[in-house]
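In what follows, a single structure is set out as structure tokens and then discussed.
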Amino acid sequence: MTPLEADENVFTGILGEHYQMIKLICPLAAQMSHLVGESVKNYAKTVNNTLNIVEIGGGTGITSLSILLATDDLLITSIDNAATMQQQAKKNLSAWAEQGKIKFIEADAITALQAIPDNSVDMIASAYTLHNFEHSYRDLFIQEAFRILKQGGQFVNGDRYGLDDISAHTALLQGEIKGYFNVLTAANKLDLLEHWILHLFADESENRVMRESVALKQLATAGFSDIQLSQRTEVNAVMTAIKN
């Protein structure tokens, strides 16, 4: 069982069913989806072809929608292994699917990427997914992402990039947890609160937490250049990199 497959039960259960609540308890996650869409919009201005975009962790379609609204000339392959969430995305984005602008693959990220030919993808886009991967899985994912991107192709990820300053990072987490309690206790969703807290502990475990400096080095080691971390708000930021 891969690390991502191990997480599948989380998002096919109560978290998957109530994932839209993330807009309330973690509005910055939705903002990351918007910023990924902005990155796609900017990249689209630099090319003259239909963008072939692979989206990792499509979920319910929040980030997919931001990408679809960024440019008309694209095809998204949206990959997610949580059936509950992907079914919501198919319903939410059915109009674009009928137009042939998005297709869905239910699989873990690495299995799906390994089936894609070398140098065939313009962009790999993701939001709030890579932080769920264990370190070794994330490292292999980055290598596969580099392999399938075309020369000049872009990697963009809006996600949880932990501060290298552990004390500052911990203080931000404490504020985040307080927000969970404020929203979910007011909504009388204590079962959902329990699941989100447990999930946050998994995200922040030593075998998963995605520290900024480590993530930058990981991309460079894989061969990426022009690596930039921007738009940081608390523990969230946008990472972009180019395959030259």
Side-chain angles (χ1 to χ4, degrees), residues 4 31-58 63-64 66-79 101-103 105 107-164 210-233 236-244:
L4 185 55
Q31 176 68 2
M32 289 298 107
S33 294
H34 170 73
L35 292 173
V36 168
E38 287 296 305
S39 292
V40 172
K41 182 177 181 179
N42 292 333
Y43 183 81
K45 296 175 183 178
T46 69
V47 298
N48 297 316
N49 56 285
T50 298
L51 284 181
N52 181 7
I53 300 174
V54 171
E55 180 193 11
I56 304 300
T63 307
S64 310
S66 293
I67 297 171
L68 287 163
L69 295 176
T71 179
D72 289 329
D73 197 9
L74 86 174
L75 169 62
I76 302 173
T77 300
S78 182
I79 298 165
K101 293 184 179 294
I102 185 168
K103 62 180 181 179
I105 294 177
D108 77 274
I110 289 178
T111 298
L113 263 58
Q114 287 175 337
I116 298 174
D118 296 357
N119 308 307
S120 61
V121 173
D122 294 292
M123 293 191 77
I124 295 176
S126 187
Y128 254 62
T129 295
L130 271 62
H131 74 271
N132 291 297
F133 298 166
E134 290 188 357
H135 295 308
S136 58
Y137 189 93
R138 191 182 301 134
D139 187 58
L140 181 55
F141 167 80
I142 293 295
Q143 294 175 47
E144 286 296 314
F146 185 84
R147 178 186 64 79
I148 69 172
L149 279 171
K150 299 175 182 177
Q151 295 299 121
Q154 186 181 72
F155 166 88
V156 56
N157 183 43
D159 214 329
R160 300 177 67 90
Y161 284 98
L163 277 66
D164 294 319
M210 189 163 61
R211 297 280 177 213
E212 177 180 333
S213 61
V214 175
L216 290 166
K217 182 178 180 180
Q218 195 172 41
L219 288 165
T221 300
F224 283 99
S225 60
D226 195 19
I227 304 166
Q228 298 181 31
L229 187 136
S230 63
Q231 305 284 346
R232 178 176 281 286
T233 306
N236 308 278
V238 176
M239 184 79 80
T240 56
I242 299 292
K243 177 179 176 178
N244 287 323

Any side-chain heavy atom of [X] within less than 4.5 Å of one from [Y]?
X: Val40; Y: Glu55; result: no
X: Tyr128; Y: Asn236; result: yes
X: Leu35; Y: Met32; result: yes
X: Thr240; Y: Tyr43; result: no
X: Leu216; Y: Tyr161; result: no
X: Glu212; Y: Arg232; result: yes
X: Thr221; Y: Asp139; result: no
X: Met239; Y: Asp159; result: no

Could you go through Asn49 and Lys150, starting from their C-alpha distance and side-chain angles, then the distance that decides it, and tell me whether this counts as side-chain contact (heavy atoms from CB on, under 4.5 Å)?
CA-CA 12 Å; Asn49 56 285; Lys150 299 175 182 177; 4.0 Å; yes

Looking only at non-hydrogen atoms, find the nearest pair between [X] and [Y] and report the distance.
X: Ala241; Y: Leu219; value: CB-CD1, 4.4 Å
X: Met123; Y: Val156; value: CE-CG1, 3.8 Å
X: Ser64; Y: Gly58; value: OG-O, 4.1 Å
X: Gly37; Y: Ala70; value: O-CB, 3.3 Å
X: Ser120; Y: Pro117; value: OG-O, 2.7 Å
X: Ala109; Y: Ile79; value: CA-CG2, 4.3 Å

Rounded at 0.5 Å granularity, tell me how far [atom1] in [X] sits from [atom2] in [Y].
X: Ile148; Y: Leu113; atom1: CD1; atom2: CG; answer: 4.0 Å
X: Gln31; Y: Ser66; atom1: CD; atom2: OG; answer: 9.5 Å
X: Leu51; Y: Leu74; atom1: CG; atom2: CG; answer: 6.5 Å
X: Gln218; Y: Ile227; atom1: CD; atom2: CD1; answer: 10.5 Å
X: Asn157; Y: Thr129; atom1: CG; atom2: OG1; answer: 7.5 Å
X: His131; Y: Arg138; atom1: NE2; atom2: CZ; answer: 9.0 Å

Dump the intermediate steps for side-chain contact (heavy atoms from CB on, under 4.5 Å) on Ile110 and Gln114, then the final yes or no.
CA-CA 6 Å; Ile110 289 178; Gln114 287 175 337; 3.4 Å; yes

Quick check against the 3.5 Å criterion: does [X] have a side-chain atom that pairs as donor or acceptor with the backbone of [Y]?
X: Arg147; Y: Ile116; answer: yes
X: Lys101; Y: Asp72; answer: yes
X: Gln151; Y: Asn244; answer: yes
X: Lys243; Y: Phe146; answer: yes
X: Asp122; Y: Ile53; answer: no
X: Ser126; Y: Ile56; answer: yes

Could you verify whether a donor N or O on one side chain and an acceptor N or O on the other, from Glu38 and Asn42, lie under 3.5 Å apart?
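There is no such pair between these side chains.
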
I would like to know whether Phe224 and Ile142 meet side-chain contact (heavy atoms from CB on, under 4.5 Å); could you show each step before the answer?
CA-CA 9 Å; Phe224 283 99; Ile142 293 295; 4.1 Å; yes

Begin from the C-alpha positions of Asp108 and Thr111 and carry the test side-chain hydrogen bond (donor to acceptor under 3.5 Å, both in side chains) through to its verdict.
CA-CA 6 Å; Asp108 77 274; Thr111 298; 2.5 Å; yes

Can you list the steps and then say if Met210 with Leu130 is a side-chain contact (heavy atoms from CB on, under 4.5 Å)?
CA-CA 8 Å; Met210 189 163 61; Leu130 271 62; 4.2 Å; yes

